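Here the structure is a predicted model, which is why all the values come from computation and not from measurement. Naming convention: chains lettered A, B, ... in sequence-line order (proteins, then strands); numbering from 1 in each chain. Only this structure's heavy atoms are used, side chains among them; waters, hydrogens and symmetry mates stay out.
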2 protein chains.
Amino acid sequence: MPKEDAPEFVDTITIKDIAKALNLSTSTVSRALRDSYEINPETKRLVLDYAEKMHYRPNPIALSLKENRSQAIGVIVPEIANTYFSQAINGIEAAAYERGYHVVIFQSQESYEREVEKVEHLAARRVDGVLMSLSSHTFDIDHLKTLQDRGMPLVFFDRIPTSIETHKVVADNFGGAYRATLHLLESGRRRIAHITSQPGLSITKERLSGYLAALKEYNIDHDEQLVKFCTYTQEEVEANLDALFSLAAPPDGFMTASDRLALGYYGGLKKRHIRIPEDVAFVGFSNLNVAELLNPPMSSVVQPAFQMGHTAAGLLLDLIEKKEKFPEYRIERLSTELFIRESSCPNKH
Amino acid sequence: MPKEDAPEFVDTITIKDIAKALNLSTSTVSRALRDSYEINPETKRLVLDYAEKMHYRPNPIALSLKENRSQAIGVIVPEIANTYFSQAINGIEAAAYERGYHVVIFQSQESYEREVEKVEHLAARRVDGVLMSLSSHTFDIDHLKTLQDRGMPLVFFDRIPTSIETHKVVADNFGGAYRATLHLLESGRRRIAHITSQPGLSITKERLSGYLAALKEYNIDHDEQLVKFCTYTQEEVEANLDALFSLAAPPDGFMTASDRLALGYYGGLKKRHIRIPEDVAFVGFSNLNVAELLNPPMSSVVQPAFQMGHTAAGLLLDLIEKKEKFPEYRIERLSTELFIRESSCPNKH
DNA sequence: AACGTTATCGGGAACGTTCCCGATTCAGCG
DNA sequence: CGCTGAATCGGGAACGTTCCCGATAACGTT
């Protein structure tokens, strides 16, 4: 629907204006600006000086139209207001910046519909590639398959799908969960609850496996009542805590996935006056920079978020610039680190 | 530097392809797609069906080139990995989304040079408007003045400049600081340190005024040794704490601005085993969602970050769409809220 | 029968840039 | 002296879309 409002007259100068002013052709100006060898040095100077004086800036939109690329990569994350993702985005931005690309950030808000929508948008905007971390409600990934089939370079990080062939960057979720659980077991806990995200997500499965592997090491059977798959509402936190603590054998340890869940349950436990670490030991899977300042300081498995974003973006840019003839898709697994703090220490005194 | 690599063949269909396939002209197809009255309903159906079948999506880049606008607004914030800003961005995204705009996010990383660079980029990319929060090292704002002079709609939020006339959205920094300081005074503290950001920033000045106004209420003179202007390094935290606690009369209360500073000094105090609130009472100026889980729970002045982003984006879009003939620039001041928690309570027992 | 209307469509310019083809000049060569 | 070939520049198409201006036919009106 065309509006009748006049276009903004951001007094921007074009190559055509320069040509007219200097009595040259647009081709000559264009070549002078790109420092082509077939332009007289004097003419070059003339053009360059005038362009400088008039603050000429090439129009990237015209470029995009011509070259069919935008020098921009799209990023879709579940939410920005999450320590892990904002750190990862920092890494992405750094990598993109180093190689002359822009970053366009979208949020799926953990919603499948929003995600599909954002993917459509990015495709329409002709970004040169897409970096994704799946929403927790995404079970069907046809939208991403067709995106890739259409030739769009695609790289996943953190929350990756299993059924798409491309580069993927993940943290060592298995190892992190394994060591965290083992740590709880070593400190004498035997009823360890695992609070995690949607069962469909890759990270959920890997962390669950790590958790189970540690239990097996201690010959402890998998009690399904101790594993809670969560969305992110507060009511759910309460309901799950109710369920857990009305068990005949309530949990004496918590191993939670993600920043959000860790905080939600940390708060939930404190509200119920369940003491940490006396009553239950607690390890989060989190990138919070305030873990140490919490009450008590929270043990947690930390992912190399910045690094993950950086590598993911690097891989995507390689794909875009076809550094490799036959992209042998690989999966980068970056190691996690377990920080042990008071929340999981054996009772003091 | 043109590369010889073949352009991606994202098999995307254009209006020209449809025209060729249906033996029509591009004009007809274009009009059919826009549901023009002067196109035969049958032809319309034909075109629409074919377009649907072939997944036709208009090329926004071509549109941008023609209309000289991008349906996108640019946002420049000091950093994304900051609770306040990521919340504000959420608000911006929501408002933009409601009105059919995209959001392109850039970080200045608290650096003046980066900020100038990002502003240049946004101008070159022909965003339809810019939303800004100044970096802490930005003292000269000529880059923004010329941006505005060139006709780019511009709205500031949070960290606003004084010498540019446009819409601005801020929190009630004065009121927040005033109430926070008053609260500390009421609980008996008399040597209240104020830790704040760079003196050049608007928010710094306003919060300082609030702090001073509260002191005046209690007839307490302004002791400049108690006010620390900070950048954000850890060494600085230590140095400032050293200075403060080697005073003849060390502080018995802290009123800090920003998430970063609050956390830095909270941690610094704890590391020195200075007890909160016994030795010093503490109030932060922060949007941390974990304030309650800290040790001890941290009192803080909370800004309506989401709301601020939302209104700022709304004002910008009004400006872009020229809803108002003569934009009477105004400054929206949203109220802050003081949450009192244990960190500033009078000694218990 | 000549003309105005209406409905329906096509041609082509324009947005800013690059690039393929030429076109012109002029020095130097045989 | 005519030809080759650098050196230097211009014309115009193309990217995908919209829109102004016509063009054509089939009508209905006097």
Side-chain angles (χ1 to χ4, degrees), chain A residues 1-47 51 54-71 123-126, chain B residues 1-47 51 54-71 123-126:
Chain A
M1 47 216 72
K3 296 276 179 57
E4 73 286 8
D5 50 13
E8 304 296 330
F9 28 79
V10 186
D11 91 286
T12 174
I13 191 171
T14 82
I15 240 177
K16 219 177 278 185
D17 299 327
I18 302 183
K20 205 166 296 173
L22 264 42
N23 229 350
L24 290 170
S25 80
T26 59
S27 346
T28 306
V29 175
S30 170
R31 272 175 296 215
L33 290 172
R34 334 209 104 248
D35 200 29
S36 159
Y37 70 97
E38 46 179 344
I39 296 294
N40 190 325
E42 287 182 34
T43 315
K44 269 185 201 169
R45 271 262 59 81
L46 213 61
V47 172
M54 303 303 275
H55 294 107
Y56 167 77
R57 292 285 177 279
N59 184 329
I61 297 178
L63 261 300
S64 291
L65 182 59
K66 195 150 198 342
E67 313 262 316
N68 205 33
R69 65 213 190 101
S70 52
Q71 287 285 72
R125 286 216 67 180
R126 305 291 196 276
Chain B
M1 43 216 70
K3 296 277 179 59
E4 72 287 8
D5 51 13
E8 305 296 329
F9 29 80
V10 187
D11 91 287
T12 174
I13 192 172
T14 83
I15 239 177
K16 218 177 279 184
D17 298 327
I18 302 183
K20 204 165 297 173
L22 265 41
N23 230 348
L24 291 170
S25 79
T26 59
S27 346
T28 305
V29 174
S30 171
R31 272 174 296 213
L33 290 172
R34 334 207 105 248
D35 201 28
S36 158
Y37 70 98
E38 46 179 347
I39 296 295
N40 189 324
E42 289 182 33
T43 315
K44 267 186 203 170
R45 270 262 59 80
L46 214 62
V47 172
M54 304 302 278
H55 295 105
Y56 169 78
R57 293 285 177 278
N59 184 331
I61 297 179
L63 261 299
S64 292
L65 182 58
K66 194 150 202 344
E67 313 263 316
N68 205 31
R69 64 210 192 103
S70 54
Q71 287 285 77
R125 285 218 67 177
R126 306 292 196 276

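Whole-Å rounding puts the B:Leu65 CG to D:dA14 P distance at 17 Å. One atom, CG of A:Asn23, and another, P of D:dT8, lie 19 Å apart when rounded to the nearest Å. The distance from atom CG of B:Asn40 to atom C1' of C:dT6 is 13 Å, rounded to the nearest whole Å. One atom, NZ of A:Lys44, and another, P of D:dA7, lie 12 Å apart when rounded to the nearest Å. Rounded to a whole Å, the NZ atom of A:Lys20 is 13 Å from the C1' atom of C:dC15. Counting to the nearest Å, the C1' atom of C:dT24 and the CD atom of A:Glu38 are 14 Å from each other. Going from atom CG of B:Leu63 over to atom C1' of D:dG16 covers 9 Å, rounded to whole Å. In this structure, CD of A:Glu42 is placed 9 Å from P of D:dT8, rounded to the nearest angstrom.
The residue from A:Leu22, A:Leu24, A:Thr14 that alone fulfils the side chain to side chain contact (heavy atoms under 4.5 Å, CB included) condition with A:Val29 is A:Leu24.
For B:Ser25 and C:dG10, the shortest distance from a side-chain N or O to OP1 or OP2 is below 4.0 Å. Distances shorter than 4.0 Å separate none of the side-chain N or O atoms of A:Thr26 from OP1 or OP2 on C:dG16. Phosphate proximity of D:dC9 to A:Tyr37: absent, as no side-chain N or O sits under 4.0 Å from OP1 or OP2.
As judged by a 4.0 angstrom heavy-atom cut-off over every strand, B:Leu24 is placed among residues touching the sugar-phosphate backbone only. Contact annotation for B:Ile39: backbone-only contact, meaning every heavy-atom pair under 4.0 Å involves sugar-phosphate atoms and none involves a base.
Looking at A:Glu67, its side chain has no donor and acceptor atom pair within 3.5 Å of the base of D:dC15.
The shortest distance between side-chain heavy atoms of A:Asn59 and B:Leu65 falls below 4.5 Å. Residues A:Asn68 and A:Arg126 have side chains in contact (heavy-atom distance under 4.5 Å, counting atoms from C-beta outward). By the 4.5 Å heavy-atom criterion applied to side chains, A:Asp17 and A:Met54 are not counted as neighbours.
The side chain of A:Lys16 has C:dC15 as its nearest neighbour among C:dT8, D:dG12, C:dC15. Across C:dC9, C:dG10, D:dC9, the shortest atom-to-atom separation from the side chain of A:Thr43 is found for D:dC9. Taking only side-chain atoms of A:Ala62, from C-beta outward, the nucleotide of C:dT17, D:dG11, D:dT8 with the closest atom is C:dT17. When the nucleotides D:dG10, D:dG16, C:dG10 are ranked by their closest atom to the side chain of A:Ser27, D:dG10 comes out on top.
The 5' end of DNA chain C is approached more closely, in terms of each residue's nearest nucleotide, by A:Thr14 than by the other of A:Arg31 and A:Thr14.
Environment of CD in A:Glu42: sparse, with no more than 12 heavy atoms of neighbouring residues, nucleotides or ligands closer than 6.0 Å.
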